[in-house]
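Here's the structure, in structure tokens; my notes come after.
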Amino acid sequence: MTGWIVVIPVKGTELAKSRLEVSRETRSALALAFALDTVRAVLAAEQVAEVLVVTASEVVDSAVRALGAGSMRESDAAGLNRSIEQAIAVAERNNPGAPVAVLLGDLPALQPQDLDAALVAAAAHPRAMVADAAGVGTVLLCARDVGTHAVRFGGRSRAAHLAEGYVELAVDVRSGLRRDIDTVEDLTAARALPLGAETRRVLERHAIAGSANPTGASTGSAIPKGASAGSAIPKGATPSS
Ligand SMILES: Nc1nc2c(ncn2[C@@H]2O[C@H](COP(=O)(O)OP(=O)(O)OP(=O)(O)O)[C@@H](O)[C@H]2O)c(=O)[nH]1
Ligand SMILES: C=C(OP(=O)(O)O)C(=O)O
């Protein structure tokens, strides 16, 4: 199997991360930082052939391109699932036959090796998913055959994706892969993990209670690490749409 195409939805508007109860300035800085840290980790994962961000925001679009990711703008007011479907269609057109995964764009504690391990495990199933730390939502949705995706993000999406037939992968709840940040409580919990550099910088600059734990302790994952084929796969090709 070739490497995975990873679609990452990023809202990027002033309405992003509305459940994060900090000042508007801090919230928008954190929303961008979460996305950039997520994209950086994905670009560093060995199982990933290409990254395709889908966003409403010009700022996000150019920032992720500068990191080397592909990016596309969603059509007006597409919403989360529709924008993901638009990106999946572009990924399919540009990379026929490639497996496609959808990853949330608010995972600032994601480590490349945790994503690699999950993608290796996902490749054993036609469709697979990883739930968020609360066991309510979904952070990663994978299909070997892109045409079989049934995207049901939002709310209790773990149950929705299970009902669609995705197999749930066992990933340690402490893994950064499962730590999407919706609330200040999520952020506080994620600070026990090694956070990405952009998020650390914002936390250092903006007064939010707690410390950013710049060094962080290594976290465990139930999926064996290092099982990935370590070939260098080109990333960041911009979609032709
Ligand atoms: N492209 C795109 N991404 C979205 C959209 N809505 C949410 N996302 C992204 O999907 C992921 C999960 O969404 P949420 O955690 O609900 O993010 P959010 O909508 O910014 O946060 P809340 O306002 O608290 O719901 C994040 O990476 C968001 O940036 C959308 O309409 N379009
Ligand atoms: C969009 C999702 O996440 P959140 O918990 O951020 O709403 C989801 O889990 O489907």
Side-chain angles (χ1 to χ4, degrees), residues 6-24 26-42 51-65 69-91 101-110 115 118 129-142 149-164 166 168-169 171 173 176-187 189-190 196 198-199 239 241:
V6 178
V7 165
I8 305 178
V10 179
K11 191 186 255 176
T13 67
E14 282 191 349
L15 301 174
K17 292 289 118 203
S18 63
R19 286 168 284 174
L20 199 53
E21 292 181 337
V22 293
S23 73
R24 194 195 309 173
T26 304
R27 184 164 57 241
S28 90
L30 281 173
L32 179 61
F34 294 166
L36 296 181
D37 284 334
T38 305
V39 168
R40 253 206 205 106
V42 178
V51 180
L52 177 55
V53 171
V54 56
T55 184
S57 158
E58 194 178 329
V59 172
V60 170
D61 183 74
S62 49
V64 300
R65 283 177 192 270
S71 182
M72 61 175 274
R73 305 286 290 279
E74 69 202 71
S75 63
D76 280 351
L80 178 55
N81 287 312
R82 188 73 198 104
S83 68
I84 291 170
E85 285 163 4
Q86 289 170 1
I88 286 175
V90 169
V102 181
L103 180 74
L104 296 190
D106 55 1
L107 300 167
L110 178 66
L115 179 60
M129 57 166 284
V130 175
D132 65 9
V136 174
T138 307
V139 290
L140 180 69
L141 198 67
C142 306
H149 261 305
V151 177
R152 304 280 183 271
F153 281 94
R156 308 183 73 79
S157 65
R158 171 180 176 264
H161 288 132
L162 288 174
E164 289 291 345
Y166 289 86
E168 184 167 4
L169 301 175
V171 175
V173 75
L177 174 59
R178 297 188 63 184
R179 296 283 164 173
D180 59 325
I181 309 293
D182 296 323
T183 64
V184 170
E185 289 70 33
D186 294 337
L187 189 54
E198 298 291 337
T199 301
S241 70

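Everything quoted here is computed from the prediction, not taken from an experiment. Ligands are counted one by one from 1 in listed order, and the atoms in each one are counted from 1 as well.
- The shortest N or O to N or O distance between R152 and ligand 2 is not below 3.5 Å.
- The contact set between ligand 2 and D180, taken as ligand atoms under 4.0 Å from a residue heavy atom, comprises 3 (O), 4 (P), 5 (O), 6 (O).
- No option in L107, T38, L140 other than L140 meets the side chain to side chain contact (heavy atoms under 4.5 Å, CB included) test with L115.
- V64 and G70 make their closest contact through CG2-O, 4.5 Å (heavy atoms, listed as atom of the first residue, atom of the second, distance).
- Residues D61 and S71 bring a donor and an acceptor atom of their side chains to less than 3.5 Å of each other.
- Under a 4.0 Å heavy-atom criterion, L80 is in contact with ligand 2.
- When each atom of ligand 2 is checked for a heavy atom of S157 under 4.0 Å away, the hits are 8 (C), 9 (O), 10 (O).
- At a 4.0 Å heavy-atom cut-off, the residues surrounding ligand 1 are P9, V10, K11, L15, A16, K17, S18, R19, V54, T55, E74, G79, L80, S83, L104, G105, D106, D182, listed by chain and number.
- The R19 neighbourhood of ligand 2 comprises atoms 4 (P), 6 (O), 7 (O), with distances under 4.0 Å to a heavy atom of that residue.
- Remark: S75 pairs with A78, Q86 by the side chain to side chain contact (heavy atoms under 4.5 Å, CB included) rule, at least two apart or across chains.
- D182 OD2, 3.1 Å is the protein heavy atom nearest to atom 5 (O) of ligand 2.
- The distance criterion of under 3.5 Å between nitrogen or oxygen atoms is met by T138 with respect to ligand 2.
- Nearest protein heavy-atom contact of atom 1 (C) of ligand 2 is G154 N, 3.5 Å.
- Heavy-atom proximity to G137, at under 4.0 Å, picks out these atoms of ligand 2: 9 (O).
- When each of V171, L141, T138 is tested with V130 by the rule side chain to side chain contact (heavy atoms under 4.5 Å, CB included), just one qualifies, namely V171.
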